[in-house]
Protein chains: 2
Amino acid sequence: MVESWSFLDTVESNFRPLVVIELAKGTKEETIEWFTKRIVDKKANGGAQLLIKPLITENGVENIYLVGASHLRLLLGAETVGLVKECSDNSMRAFTYSSRKTFKDFADDNHSFLTMAECQYIIKHELENLRAKNEKMIPGYPQAKLYPGKSIVRRLLTSGILVQIFPLHDREELKKLRHSWYGRVKVGYQPLDDIRCYFGETIALYFGFLEYFTFALIPMAVIGIPYYVFAWEDYDKYVMFATFNLLWSTVILEVWKRICAILTYRWGTLLMKRQFEEPRPGFHGVLGINPVTGREEPVYSSFKRQLRIYLVSLPFVCLCLYFSLYVMMIYFDLEQWALDYHKENESNFSSLMLYVPSIIYAVVIEIMNRIYRYAAEFLTSWENHRLESSYQNHLILKVLVFNFLNCFASLFYIAFVLFDMKLLRQSLATLLITSQILNQFAESLLPYWLQKRYNRRMKKRMCSQKTDRDLSMAEQVNMEKEMGTYLGTFDDYLELFLQFGYVSLFSCVYPLAAVFAVLNNITEIYSDALKMCRVYKRPFAEPTANIGVWQLAFETMSVISVVTNCILIGMSPQVDALFPDSKMDLVLTVALVEHLLLAIKFIMAFVIPDKPRDIQMKLAKLEFESLEALKQQVRAFQMQLHFLLIHH
Amino acid sequence: MVESWSFLDTVESNFRPLVVIELAKGTKEETIEWFTKRIVDKKANGGAQLLIKPLITENGVENIYLVGASHLRLLLGAETVGLVKECSDNSMRAFTYSSRKTFKDFADDNHSFLTMAECQYIIKHELENLRAKNEKMIPGYPQAKLYPGKSIVRRLLTSGILVQIFPLHDREELKKLRHSWYGRVKVGYQPLDDIRCYFGETIALYFGFLEYFTFALIPMAVIGIPYYVFAWEDYDKYVMFATFNLLWSTVILEVWKRICAILTYRWGTLLMKRQFEEPRPGFHGVLGINPVTGREEPVYSSFKRQLRIYLVSLPFVCLCLYFSLYVMMIYFDLEQWALDYHKENESNFSSLMLYVPSIIYAVVIEIMNRIYRYAAEFLTSWENHRLESSYQNHLILKVLVFNFLNCFASLFYIAFVLFDMKLLRQSLATLLITSQILNQFAESLLPYWLQKRYNRRMKKRMCSQKTDRDLSMAEQVNMEKEMGTYLGTFDDYLELFLQFGYVSLFSCVYPLAAVFAVLNNITEIYSDALKMCRVYKRPFAEPTANIGVWQLAFETMSVISVVTNCILIGMSPQVDALFPDSKMDLVLTVALVEHLLLAIKFIMAFVIPDKPRDIQMKLAKLEFESLEALKQQVRAFQMQLHFLLIHH
């Protein structure tokens, strides 16, 4: 096998490994041969026309392959995936090979025109679009069925022959990025463009949002500090804080859309055409004809899926919600018990005991959230959604509802059933701080520590004390393939979403929440950066134009927070005292204010344009140009036709 | 002049006049010659390549011209405007001349493949896109400036040389349409497809919405009748009615989106690509470079426009709103005076007098609405919006806010300040019925009567007693050019919007409103049909994919109605009696129910898909096909390239 690859080296003398393919140990020779042949085969023969090389370590061949591509191949691939790059005239345009000369920094020998992340994305796209021709199965594995048009890589993955595909780190670049990102202690912005070049748009957009959100919280935090310092307990001050908070949270979410448009325009993803969505890898069904594409592929009745959703998933989610409420009631019993204990034997120990139920509850909530997450993933996968986007939406909805209830139910209960503002403040603080500490620990520090320990063991086993830089390709691949896989930005956004809930839902009783959020987010940026650079395998870049469903989730949270804050303010004794004669007037005033605030929110969301004016103009210009080009085509065709009609 | 046209008759022996152009009396010969030459000139020379003929009446040439086009020209024009037609395989596709054979009912000699309305739309589009080349002004009129790319027709219109352009009626078709539409008394649907063929999509969609809305109101009306018959005054029944009403109004608005998608898919407009929007005719400014198109055209600073909007228009609108409230207060004084008068000298006359203030007020409201409408049009035009769509949005917003306040302020005042449910019911009935009668009269019957009188006089003057069918072309044109111009569906939708307000805002105190609305709408269909067919000039067809901003307006109204109905129910003595101990509990319960209803509304709007599944599938199929075609192109190009690279 190994020898037959030698001709590739002559074709492309500077083979640069970009992506690693790991096949299962003991994969049959004929399968490997067929698969690698398909990868290197000409496009015209239905191949991917990429370069592939086996990785040779001291233990010999280990079924690990390095994939690369010629520069030309990558440029053509960039056109296929619809990459948008900057032109010499500073406008953003979809890259095409024929118009390559008009792009900024393009030169036939400039191999850094495409970033490494882009190259890896192109290779991933080409590999995933390597489709079966008339193979009925994967050679050597009769149980792994194929049909014309089925993605070979996806079938290899689902049948376990292909263990994983992952892009290689670029140790040089990574070191530079690490240095400018979190290497030195500095006040300033993250190098978002560099992050985007290295990790792709989805991850860069998450860090952009995290940074923006942190900055946006600072005004709240600054206003919140004097409440703690001077122990302000006047409700007119709380009212001011809450009102500011509500309007501010609307503004920051609207402004984020604009900033997001600026970022993704610069990165080209705002203009990228949506690709036709293929079925997700896990989707299975009986072979049939897809009514949209007319191709033979597995189909699964939408009715059966609806049945699974409404008869199994929905009841299960309800059950979990009920269970979560049940746990909450136990927590309140514990809380009561701790209080009684403290009253009976007052001591340092007993006053410490007062915090124990809250801490236990916070830990239990985190555990329940994580267990539920697995259940939700299992159920959503069992619902057998055809598209990844539909799968993601159902998963996010399930997880969001449960997390929301799990985290905030006890606070709602304390606020609106027990009417105990002191307990509310205390619970809020405990929940917020505990969950932040747990998250930072579980998400970054623990994996980092494990990774570090593993790396040390690895290096010892290799009996060498080289630094990272001197690692051979084989060592690098072997180290990276054992690293954890980054599962996407879901958990990171979820954490921010819950944090936003803690900050905004009850902002008028605990103005200090914003301060903790800001402090957490600053360390979060560092720990997330550490996690991306040190703990996980490099993830494939994913182009994206916005933060998707999370925008909606944050906006919903900010609507709910209008309601909760208005009620809290209405319930406060100080506001109560303003209406000594009639509780009725109080409630009516609160309701009126609430409706006004909601109306203002909606009007603001409507009035603030989602895209800044200059981006709008640039988009209009591009649209105009493409319409003009189309018109020119039609006109040229019509003239030809007229000419023909006249001369015949 | 007249003689020089004779050659056109030989080119196209069956010249079919489609559109009439009326130039001002005394327009200079050179202007006419230049303009007509540009119209008939070849596309390649920058002309419109249409056919034109002067209309010869007994009084000689009157500067009226008939415009037509050859069948081939119309087909090419259909491609330019992006018409979507049905293919032989029942799918809808953008018409192109090269793929013409694949379309249903296409044959080279089938001149009815394009409907007359489509042909007229194409001619209008071609005329409006007849652009100045290097003329600096309109020949003969140095004050009418031109610049390269300026639409000639728009400049002729704004400088008053061109009086009007309108499409001709087809007396045959119109008679058939009238017969099937409102000729016979029948229970059944309107011939929407025929209306669309004759009047275009915008008008057909209005009638479709009117019909749908009427059907949708029937359940409310049916449930409302027993309230009147059995004089139900129990609030538990009203609560039931209001709850049904609220959910129902959400459902009907969501279902309308689906029906609208079905209609516009069938008509092809759902798939039509948006054309690049040119500046509206009335837009003026200093010549400059448009940053989007790069063309020289008038530009007007957006800052100046904002100043006009916020420093003039906004204060003016506020002033009008204040004035409207002032008139309302006078009405209440009058009402009080009538009541006092009735109490002092009780007689038939005085009890009749009780209704006088309401009727006067309803009339005054209608008058104020109409005057304000003119002011709003003037102001919005003065704001100098570049695009027609932006002009329309600002106009609609101004008119909607004022009309809403003008029509409903008194009802809100009675309901939530006076707490007088009896007066509310009475006012609601008076306002609703008076405005309906006034509208029907002012909109259709009066113009119809005027038109009829005028026609009779015209015919007498012509000294002939021919029937419509026998009219010569000259007589038809002369008659139609004097008819009023239909100004679009704005007023018709506005009327429905206000009616929806009367029905839904206070539905729980006056369930009979839906009955009146249904009755009004049935006659409205007939009177609007009469108006379209008999009173007005034929309007140009306008392709449209939905009812636009009106969908949003209706949805906003249904949100407001949730709030008003909940408050009304909460205020009722019967519901009051359910909470004998605590008014607080009552208010809190009402607020809770209101928030729940609003949440249900939003969830319903989110869950019900905007397009039916089969339309979604068809759209996905089209998108897939176009993506595939693009991919094929790219692939073919790449193969060529690879071939070249290998062989050189």
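All values below come from the heavy atoms of this structure, side chains included, with hydrogens, waters and symmetry mates left out.
- Evaluation of the ring-ring contact (aromatic ring centres under 6.0 Å, His included) rule for B/His394 yields B/His385 as partners, not counting sequence neighbours.
- With no hydrogens or angles considered, no side-chain donor-acceptor pair links A/Ser91 and A/Lys621 at under 3.5 Å.
- Looking at B/Val559, there are no atoms closer than 4.5 Å to chain A (heavy atoms on both sides), in backbone or side chain.
- Using a 4.5 Å cut-off between heavy atoms, A/Ala591 does not touch chain B at all.
- Ring orientation note: the planes of B/Phe412 and B/Phe404 are tilted relative to one another, at an angle of 30° to 60°.
- Not a single donor-acceptor pair under 3.5 Å links the side chain of A/Glu126 to the backbone N or O of A/Ala48.
- In this structure, chain A has a heavy atom under 4.5 Å from the side chain of B/Ser302, while its backbone stays farther away.
- Looking at A/Ile560, neither its backbone nor its side chain comes within 4.5 Å of chain B, counting heavy atoms on both sides.
- Between the side chain of A/Arg131 and the backbone N or O of A/Gly46, no donor-acceptor pair lies under 3.5 Å.
- With a threshold of 4.5 angstrom between heavy atoms, A/Glu625 does not approach chain B through any atom at all.
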